[in-house]
Every structure is written in C-alpha cells, then in structure tokens.
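Below: one structure, written as structure tokens.
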2 protein chains.
Amino acid sequence: MFSKACEYGIKACIFIAINSYEGKRVSPKEIAEEINSPHAFTAKILQALVRQRVIDSVKGAYGGFEVSKNEIQHIKLAQIVKAIDGDRIYNGCGLGLEKCDEKHPCPVHDKFKGVRDELKQMLENTSLEELALNIKSGSAFLKL
Amino acid sequence: MFSKACEYGIKACIFIAINSYEGKRVSPKEIAEEINSPHAFTAKILQALVRQRVIDSVKGAYGGFEVSKNEIQHIKLAQIVKAIDGDRIYNGCGLGLEKCDEKHPCPVHDKFKGVRDELKQMLENTSLEELALNIKSGSAFLKL
DNA sequence: TATAAATAGGATAAGTTTATCCGAATTAAA
DNA sequence: TTTAATTCGGATAAACTTATCCTATTTATA
Ligand code: FES
Ligand code: FES
C-alpha cells in the first residue's frame with residue numbers, strides 16, 4: 001500500500017508530534033529507535049519532509065526535528081503520504097493505465113474508484129493530532 | 001497499490017477469459033500486445049498463475065493459455081491478486097508492523113482497517129466474468 | 001572564537017522488482 | 001518420426017527502493 005519510506009515517515013511524524021507537544025526536539029537516531037527503522041534512511045525521509053514543509057528542522061547544537069504545536073491538528077496523513085509517495089495512490093489507475101480517465105476507464109475503474117476515494121477521504125480526515133493521542137493514551141503502538 | 005506483475009496478471013486474465021469464451025487459446029506474445037506489457041515478463045506471471053491454478057496452460061503446438069468457460073464467473077479478482085502479490089494487502093498492517101493485531105494496533109489501525117476491508121470485499125466480489133464483459137461491450141479498455 | 005552537537009547531502013552498497021534472453025521440454029500435425 | 005509451435009524454467013541484466021557511510025555545514029554554548 002505505502003512504501004517503506006512512507007511508513008517510516010508517518011511513524012516519525014507521530015513521534016515528532018508527541019515530543020513537540022512537550023517542547024522537545026528529536027534526532028533521527030531517537031526517532032529510529034522509537035519506530036524501529038534504520039536511522040540513516042529515516043534521516044533522508046525527514047529531510048524530504050522538511051523540504052516539503054510538513055515538519056521543521058533546526059540545525060546545529062540543540063537542534064532536531066519538530067513541528068509547531070498549532071499545526072499538529074492541521075497536518076493530515078494525506079500530506080505526509082503525498083510528500084513521500086506522491087499522489088498516484090489518489091489519482092492513479094488501479095491497473096496501471098497511463099492515467100485514470102472516466103472517458104477511457106480500465107475494467108476495474110468503477111469498483112476501484114470507490115475504494116481509492118474512501119482511502120483518500122480517510123487520509124485527508126486523519127490528523128497527526130489524533131494519531132499522536134492514540135500513542136500517548138497507550139492505545140496504539142509505533143513498533144513491534 | 002498492486003505490483004506491476006499483479007496489474008499485468010489481472011489484465012492478462014481478462015484477455016484470456018475473453019478468448020476462452022470463443023474457444024481460443026492465447027500466447028504470452030498476443031497477451032502482451034493486447035495489454036501493453038513486456039512479453040517475457042508477462043510469460044513469467046502467467047506461469048505463476050498456472051502454478052497457482054488460477055488459469056490453465058496447454059503446452060506444445062496449438063497450445064496457449066486458457067481458462068475453463070464454466071470457471072470464468074467463479075474466478076475472483078482476489079484470487080489473482082493473492083496468487084501474485086500474496087495476502088499482505090488483505091491482512092498486513094498499514095504502517096508495516098510485523099502483523100496487524102487488534103491487541104497491539106498501530107496508530108492508524110482503526111481507520112485503515114475499514115479501507116482495507118472494503119478493498120478486500122471489492123476484490124472478493126468482482127469476478128473475471130464482469131471484467132471481461134466490460135471489455136467486450138467496449139465500455140472499458142486494457143491499454144493506453 | 002573554539003568546540004561540540006546537530007541536520008544536509010553526496011556517494012555507494014544491498015536488496016527487490018521488473019525485464020530480457022536462451023535453451024529444454026512438450027505436443028499437435030505433417 | 002520429424003518438424004514447428006509452444007510453454008517452462010534458469011540465468012542474467014536493468015531499474016528502482018531501501019539502507020549505509022562519510023563529509024560539509026550550521027549553530028548554541030563555553
Ligand atoms: S482507469 Fe483504472 S482506475 Fe480509473
Ligand atoms: S496494526 Fe496497523 S493496520 Fe492493524
């Protein structure tokens with residue numbers, strides 16, 4: 001469904017959000033430990049998320065990754081997924097035709113569209129805030 | 001969503017079904033031309049589908065790939081996808097945890113499960129027959 | 001200003017998926 | 001029984017994703 005990079009990216013954002021609530025910045029190494037991912041690869045993904053302005057980074061001593069507290073509720077899963085995996089998952093044809101086109105549909109178009117749109121809705125309606133709360137409350141987990 | 005191999009596999013099955021209705025066997029080359037795929041790679045995928053008993057093959061002169069007419073309505077998309085991509089898409093965790101477990105859910109579990117189950121339903125309820133009819137009637141396309 | 005702690009980014013390696021090629025095995029028909 | 005058409009399967013290559021390593025750059029603090 002999502003690439004490994006995207007899975008790591010989502011989990012990383014959640015962990016960053018939790019820490020940002022407490023005013024703490026986190027390093028790729030801390031993040032990687034918490035989400036059980038290779039730290040150097042995770043660092044690359046974080047760089048991409050910064051370039052796409054999903055999260056913020058502060059360089060130098062006492063730096064790290066963070067996200068502004070006020071933004072946490074407004075950042076949606078859809079933004080993270082789009083920043084890393086692009087928007088093929090939202091717009092692409094399920095059978096890989098050049099583009100998904102009502103006028104020239106593939107055989108599964110009608111049925112696939114429903115599922116794809118539900119996925120899109122889900123990603124657009126889910127905020128980093130609620131995901132972070134699931135972790136804080138202990139009702140969900142980032143690894144194992 | 002699906003691998004390239006799976007996309008080719010689904011399209012190939014549809015084309016095979018259409019021809020089997022007319023008692024014709026088809027070769028990887030014909031299939032590849034019709035679905036716009038690399039023919040040698042397509043042949044490998046067809047071999048896998050034969051091993052998994054989704055379709056049949058007849059070796060030697062006048063051989064080719066086919067599917068028994070009576071089966072076409074009973075073959076579901078889900079079988080094809082499972083034969084090629086496995087069942088991670090049906091059972092796997094959206095964030096890549098070792099397994100999707102209600103007792104140890106990832107942060108997106110509740111929301112992801114809904115989408116994943118809808119996808120599963122769609123694939124289990126869609127038969128090769130209806131997809132083939134979409135092509136025959138000219139209301140859907142296998143390439144471009 | 002020097003130092004240490006951090007992100008940024010390039011180069012490279014490892015692993016997986018996608019793709020190609022070729023010869024072996026099979027089979028219908030001449 | 002020979003031939004030609006065809007699937008099967010192994011070996012290999014190309015492309016992409018995932019992962020590692022090292023150096024440069026930035027920046028707060030001593
Ligand atoms: S054309 Fe294939 S999903 Fe729309
Ligand atoms: S645990 Fe992640 S989807 Fe169920």
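Because the structure is predicted, anything quoted here is derived from the model rather than measured. The figures here come from the full heavy-atom set of this structure, side chains too, leaving out hydrogens, waters and symmetry mates. Convention: sequence-line order gives letters A, B, ...; per-chain numbering from 1.
- Heavy-atom contacts from other residues, nucleotides or ligands closer than 6.0 Å to CD of B:E124 number more than 12.
- For the OP1/OP2 pair of D:dG9 and a distance below 4.0 Å, the side-chain nitrogens and oxygens of B:R51 include at least one atom meeting the criterion.
- Around the NE2 atom of B:H104, the shell of radius 6.0 Å holds more than 12 heavy atoms that belong to other residues, nucleotides or ligands.
- Of all the residues in residues 37-49 of chain A, A:K44, A:Q47 reach under 4.0 Å from DNA chain C with at least one non-hydrogen atom.
- Along DNA chain D, the nucleotide nearest to A:G60 and the one nearest to A:K4 differ in position, and the one closer to the 5' end is contacted by A:K4.
- Looking at heavy atoms from C-beta onward, B:F2 lies in side-chain contact with A:F112 at the 4.5 angstrom threshold.
- By the 4.0 Å N-to-carboxylate-O rule, A:K113 lies close enough to A:E102 to be salt-bridged with it.
- By the neighbour-count criterion of 12 heavy atoms within 6.0 Å, atom NZ of B:K76 is densely surrounded, having more than that number from other residues, nucleotides or ligands.
- A:F2 has its CZ atom 16 Å from the P atom of D:dT17, to the nearest Å.
- Atom-to-atom, CD of A:Q52 to C1' of C:dA8 comes out at 16 Å; the value is rounded to the nearest Å.
- In this structure, the CG atom of A:N36 is 11 Å from the P atom of D:dA19, given to the nearest Å.
- Atom NZ of B:K136 is surrounded by more than 12 heavy atoms from other residues, nucleotides or ligands within 6.0 Å.
- For A:N134 (side chain) and A:S139 (main-chain N/O), no donor-acceptor pair under 3.5 Å exists by modelled atom type.
- The listed nucleotides are D:dT18, C:dT18, C:dA8; the one nearest the side chain of A:F65 is C:dA8.
- Distance CD1 (B:I35) to P (C:dA19): 11 Å, rounded to an integer number of Å.
- Applying a 4.0 Å cut-off to non-hydrogen atoms, the residues of residues 19-29 of chain B that approach DNA chain D are B:V26, B:S27, B:P28, listed by residue number.
- A close approach under 4.0 Å does occur between a side-chain nitrogen or oxygen of A:Y8 and OP1 or OP2 of D:dA19.
- In this structure, the CD1 atom of B:I84 is 13 Å from the P atom of C:dT17, given to the nearest Å.
- Residues A:I14 and B:L97 do not share a hydrophobic cluster, clusters being chains of Ile/Leu/Val/Met/Phe/Trp/Tyr side chains in contact below 4.5 Å.
- Side chains of B:K111 and A:T126: a donor-acceptor N/O pair is present below 3.5 angstrom, by distance only.
- Atom NZ of A:K59 and atom C1' of D:dT25 are 6 Å apart (whole Å).
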